[in-house]
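Worksheet: the structure to be examined is printed underneath.
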Amino acid sequence: MSLNDYLCGKQIRCMTVLEIIKQRHSVRNFAAEMPSKEQLTAVVEAARLAPSAVNYQPWKFFVVSRPELLEKLRNAYNREWFKSAPCVIVACGNHGESWHRGSDGKDHCDIDVAIAAEHMALAAVENGLGTCWVCNFDVAAVASALNLPEDMEPVVMLPIGIPQGESKTTTRKEFADIVEWM
């Protein structure tokens, strides 16, 4: 049961999608406590339901909590804060299964995986968890740690857990700076 389901069942106003989006931020400090299986299942279910080009769904998600595998992922992205995450979801894309646009051959695998990863980040907020997109990692080391087949690429790692301490807020561009009405 998600936090939103729990609150809605108690006659408390539910969060809107925009409210969840506004609450999402990069979490770089996690409590040692492992998220529940129900929380993690809800997060990955959000990814399963994400849209993809031509509905090909060229992805696989690895929910990593075993200490020996976490250590390998930490070696692939050697940052002190990353070590505080009790769990990491590795979102992988299969370029052999993804849709390629006919006019120029553009591979939509990374786009599809990114949409699914952001669905997970938003579902994490709904379930009282935090995440942080990590893309600057040793791809070969992560692929080796997870024993991925050659056509499967780790695209993003999402450390996930219960946020702890203060989080740094970031500024956003003004609405008028990013939209042009035509």
In the structure I gave you, are the side-chain heavy atoms of [X] and [Y] within less than 4.5 Å of one another anywhere?
X: Leu148; Y: Phe62; value: yes
X: Gln57; Y: Ser52; value: yes
X: Val54; Y: His108; value: no
X: Glu19; Y: Ile21; value: no
X: Val88; Y: Leu70; value: yes
X: Val90; Y: Phe61; value: no
X: Pro51; Y: His119; value: yes

So, for [X] and [Y], which heavy atoms are closest and what is the spacing to 0.1 Å?
X: Lys83; Y: Arg74; answer: O-NH2, 3.2 Å
X: Ala46; Y: Ala123; answer: CB-CB, 3.6 Å
X: Ala53; Y: Asp112; answer: N-OD1, 2.9 Å

**Report entry** side-chain contact (heavy atoms from CB on, under 4.5 Å) between Val43 and Ile89, worked out
**Finding:** CA-CA 10 Å; Val43 168; Ile89 299 174; 3.9 Å; yes
Looking at [atom1] of [X] and [atom2] of [Y], how far apart are the two atoms once the value is rounded to the nearest 0.5 Å?
X: Leu129; Y: Leu158; atom1: CG; atom2: CG; value: 11.5 Å
X: Lys60; Y: Cys92; atom1: NZ; atom2: SG; value: 9.0 Å
X: Gln164; Y: Asn29; atom1: CD; atom2: CG; value: 5.0 Å
X: Met152; Y: Glu150; atom1: CE; atom2: CD; value: 12.5 Å
X: His95; Y: Asp107; atom1: NE2; atom2: CG; value: 5.5 Å
X: Ile115; Y: Asp110; atom1: CD1; atom2: CG; value: 11.0 Å

Query - Worked check of side-chain contact (heavy atoms from CB on, under 4.5 Å) between Phe137 and Met157 - result: CA-CA 8 Å; Phe137 57 87; Met157 293 197 295; 3.8 Å; yes
Side-chain heavy atoms nearer than 4.5 Å, only ILVMFWY residues, links allowed to pass through others: does that put [X] and [Y] together?
X: Val27; Y: Trp81; value: yes
X: Val64; Y: Leu40; value: no
X: Met15; Y: Leu122; value: yes
X: Ile111; Y: Tyr56; value: no
X: Ile160; Y: Val44; value: yes

Any donor-acceptor pair under 3.5 Å from [X] side chain to [Y] backbone:
X: Gln39; Y: Ser36; value: yes
X: Asn94; Y: Trp59; value: no
X: Ser144; Y: Ala141; value: no

Report task. Show the numbers, then the answer: is there a side-chain contact (heavy atoms from CB on, under 4.5 Å) between Arg66 and Leu69? Result -> CA-CA 5 Å; Arg66 291 197 336 241; Leu69 284 178; 3.5 Å; yes
Report task. Please say whether more than 12 non-hydrogen atoms of neighbouring residues, nucleotides or ligands are located less than 6.0 Å from CD in Glu174. Result ->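 Counting neighbours around CD of Glu174, 12 or fewer heavy atoms of other residues, nucleotides or ligands fall under 6.0 Å, so no.
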Query raised in the report: Considering the options Lys106, Arg101, His100, which one meets the side-chain hydrogen bond (donor to acceptor under 3.5 Å, both in side chains) requirement together with Asp104?
Result: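 Result: among Lys106, Arg101, His100, Arg101 is the only option passing the side-chain hydrogen bond (donor to acceptor under 3.5 Å, both in side chains) with Asp104.
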Query raised in the report: Looking just at side-chain N and O atoms, do Trp133 and Glu118 make a donor-acceptor pair shorter than 3.5 Å?
Result: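 Yes, side-chain donor-acceptor contact under 3.5 Å.
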Requested in this report: State plainly whether the residues Glu45 and Arg48 are in salt-bridge range, i.e. N to O under 4.0 Å.
Outcome: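 Salt bridge present between Glu45 and Arg48.
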**Report entry** side-chain contact (heavy atoms from CB on, under 4.5 Å) evaluation trace for Met34 with Ser65
**Finding:** CA-CA 8 Å; Met34 180 70 178; Ser65 61; 3.3 Å; yes
Query raised in the report: Do Arg79's NZ or CZ and the ring of Phe82 fall within the cation-pi criteria of under 6.0 Å and 45°?
Result: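 Arg79 over Phe82 ring: no.
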Query - side-chain contact (heavy atoms from CB on, under 4.5 Å) partner of Arg28, the single match among Ser84, Cys132, Pro163, Pro159 - result: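 Single side-chain contact (heavy atoms from CB on, under 4.5 Å) partner of Arg28 among Ser84, Cys132, Pro163, Pro159: Cys132.
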